[in-house]
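Predicted model, so just to flag it, every value in this text is computed and none were measured. Note that the numbering runs from 1 along the sequence shown for the chain.
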Amino acid sequence: MTTRTGGCPTRIGGYDVDLFTVAPDHELLCSICHGVLRCPVMISCNHIFCKKCILQWLKRQHTCPCCRTEVRGRLLVLMHRLNKRINRLEVKCQYEQHGCSLKFPVSRMDEHSSSCGFALLKCLNEGCPAEILRKDMDAHLATCQHWKQLCHFGCGTLLTFWNRDQHNCYLELKEEWERKARETRRMVARLKQKSRKIQNLSAQIRRQILLICETLDIPESNETSVHEVSG
């Protein structure tokens with residue numbers, strides 16, 4: 001039983017025999033999936049299988065796949081030494097067909113597969129059918145026409161491949177702020193100008209009142225009262 005991950009076939013239970021640089025011994029093969037044992041366990045009749053393979057088998061059958069004897073209980077014995085032996089075997093990268101030439105022990109297989117630059121991945125953008133090598137993903141995303149993202153400045157605009165270069169809400173907000181600041185400065189300047197005019201007019205009124213008081217020979221006390229009133 002096989003499935004596909006990143007464009008390469010991967011066995012549900014054991015490791016793919018074709019990935020090993022040296023053909024593994026027959027005793028290391030699972031008789032259910034025919035791959036190299038992954039997490040080997042022994043059942044009551046002393047036959048050994050991949051843990052996942054035998055658990056799936058026992059859901060349908062209650063006899064050993066090899067000798068057909070009845071499997072007593074559900075006890076599975078983990079084969080630690082055998083597992084360590086398999087983990088030391090050298091394998092090729094499962095993405096060798098895409099260009100990866102690295103070799104490493106089985107124990108590093110999952111670690112390498114999760115970061116290999118030659119893994120074939122689906123584009124991260126919704127609706128894009130492209131499958132891209134991991135090492136080329138950034139370059140693809142920069143030109144993918146299915147790219148979508150909300151503006152990271154928080155303006156709420158949904159940016160697409162077609163409008164992201166024209167959208168600049170930060171610049172627009174900055175220009176709007178500068179426009180408002182210019183209007184405010186002009187208004188303050190006008191208010192200051194009107195304030196000076198009022199002050200000049202008030203001074204002229206005070207001088208006219210003084211002249212009138214002098215002409216009418218109004219006593220100084222009254223002049224003072226006029227000043228106080230006019231002030």
Side-chain angles (χ1 to χ4, degrees), residues 1-126 128-141:
M1 188 181 299
T2 62
T3 186
R4 294 185 69 83
T5 302
C8 293
T10 303
R11 296 181 182 276
I12 295 277
Y15 300 105
D16 191 339
V17 174
D18 294 335
L19 294 179
F20 290 78
T21 56
V22 177
D25 296 338
H26 183 74
E27 64 182 17
L28 300 180
L29 302 183
C30 173
S31 58
I32 298 177
C33 69
H34 306 292
V36 175
L37 292 161
R38 186 195 296 261
C39 192
V41 295
M42 184 172 64
I43 60 176
S44 57
C45 61
N46 295 334
H47 285 112
I48 300 173
F49 309 93
C50 300
K51 181 179 180 180
K52 184 176 290 187
C53 290
I54 191 60
L55 287 176
Q56 289 183 347
W57 175 275
L58 293 176
K59 289 178 181 178
R60 304 186 304 271
Q61 305 287 337
H62 300 288
T63 58
C64 172
C66 295
C67 63
R68 301 300 175 183
T69 59
E70 185 178 355
V71 177
R72 298 187 301 275
R74 303 284 292 182
L75 180 63
L76 304 177
V77 180
L78 293 174
M79 307 300 290
H80 293 291
R81 286 189 178 181
L82 181 58
N83 192 51
K84 288 181 179 180
R85 176 184 170 188
I86 293 171
N87 280 340
R88 288 193 293 266
L89 299 178
E90 186 181 64
V91 291
K92 301 174 288 186
C93 176
Q94 62 177 318
Y95 306 113
E96 180 186 34
Q97 61 180 332
H98 299 146
C100 184
S101 60
L102 294 181
K103 297 178 177 63
F104 37 81
V106 170
S107 59
R108 289 192 53 220
M109 181 182 292
D110 291 340
E111 175 191 351
H112 172 77
S113 296
S114 66
S115 59
C116 179
F118 292 90
L120 195 60
L121 307 175
K122 283 188 64 63
C123 175
L124 301 176
N125 293 325
E126 183 180 355
C128 180
E131 291 188 332
I132 313 295
L133 296 182
R134 179 181 277 119
K135 68 183 183 66
D136 299 329
M137 184 60 74
D138 288 344
H140 170 75
L141 293 176

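Rounding to the nearest 0.5 Å places CG of Leu19 at 11.5 Å from NZ of Lys103. Expressed to the nearest 0.5 Å, how far CE of Met42 lies from CG of Leu75 amounts to 9.0 Å. The line from CG of Leu55 to SG of Cys50 is 10.5 Å long, rounded to the nearest 0.5 Å. The SG atom of Cys116 sits 7.0 Å away from the OH atom of Tyr95 when rounded to the nearest 0.5 Å. Atoms CG and NE2, on Leu78 and His80 in that order, are 5.0 Å from each other to the nearest 0.5 Å. In this structure, CD1 in Ile54 is found 4.0 Å from CD1 in Ile32, a value given to the nearest 0.5 Å.
A 6.0 Å sphere centred on CD of Glu70 holds no more than 12 heavy atoms belonging to other residues, nucleotides or ligands. Applying the 6.0 Å contact sphere to NZ of Lys51 captures no more than 12 heavy atoms from other residues, nucleotides or ligands.
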Kindly indicate, with the supporting measurements, whether the criterion side-chain contact (heavy atoms from CB on, under 4.5 Å) is fulfilled by Arg88 and Val106. CA-CA 6 Å; Arg88 288 193 293 266; Val106 170; over 6 Å; no

One pair to check against side-chain contact (heavy atoms from CB on, under 4.5 Å): Val36 and Asp16. What are the steps and the verdict? CA-CA 7 Å; Val36 175; Asp16 191 339; over 6 Å; no

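A donor-acceptor pair under 3.5 Å links the side-chain atoms of Arg38 to the main chain of Gly13, judged by distance alone. With Arg134 contributing its side chain and Ser114 its backbone, the two residues share a donor-acceptor pair below 3.5 Å.
Minimum interatomic distance between Trp57 and Cys64 (heavy atoms only, all atoms of both residues): NE1-C, 4.4 Å. The heavy-atom pair separating Val71 from Thr63 by the smallest distance is CG2-C, 3.8 Å. Taking all atoms of both residues into account, the shortest heavy-atom contact from Ser113 to Gln94 is OG-NE2, 2.9 Å. Here the closest heavy-atom approach between residue His140 and residue Cys123 is recorded as NE2-SG, 3.3 Å. Heavy-atom minimum distance, Arg85 versus Asp25: NH2-OD2, 2.9 Å. In plain terms, the two heavy atoms of Met109 and Phe104 that are nearest each other are CA-CE1, 3.7 Å.
A 4.5 Å side-chain heavy-atom check between His47 and Cys67 finds at least one atom pair inside the cut-off. Counting only heavy atoms from C-beta outward, the side chains of Tyr15 and Pro24 never approach each other to under 4.5 Å. With contacts defined as side-chain heavy-atom distances shorter than 4.5 Å, the pair Leu121/Ile132 does not qualify. Residues Ile48 and Val41 fail the side-chain proximity criterion, which asks for heavy atoms closer than 4.5 Å. Taking 4.5 Å as the limit, every side-chain heavy atom of Phe118 sits out of range of all side-chain heavy atoms of Cys93. A 4.5 Å side-chain heavy-atom check between Leu82 and Leu37 finds at least one atom pair inside the cut-off. At a threshold of 4.5 Å between non-hydrogen side-chain atoms, the residues Leu29 and His34 do not count as touching. Two residues are said to be in side-chain contact when any heavy atoms from C-beta on lie closer than 4.5 Å; Leu120 and His98 meet this criterion.
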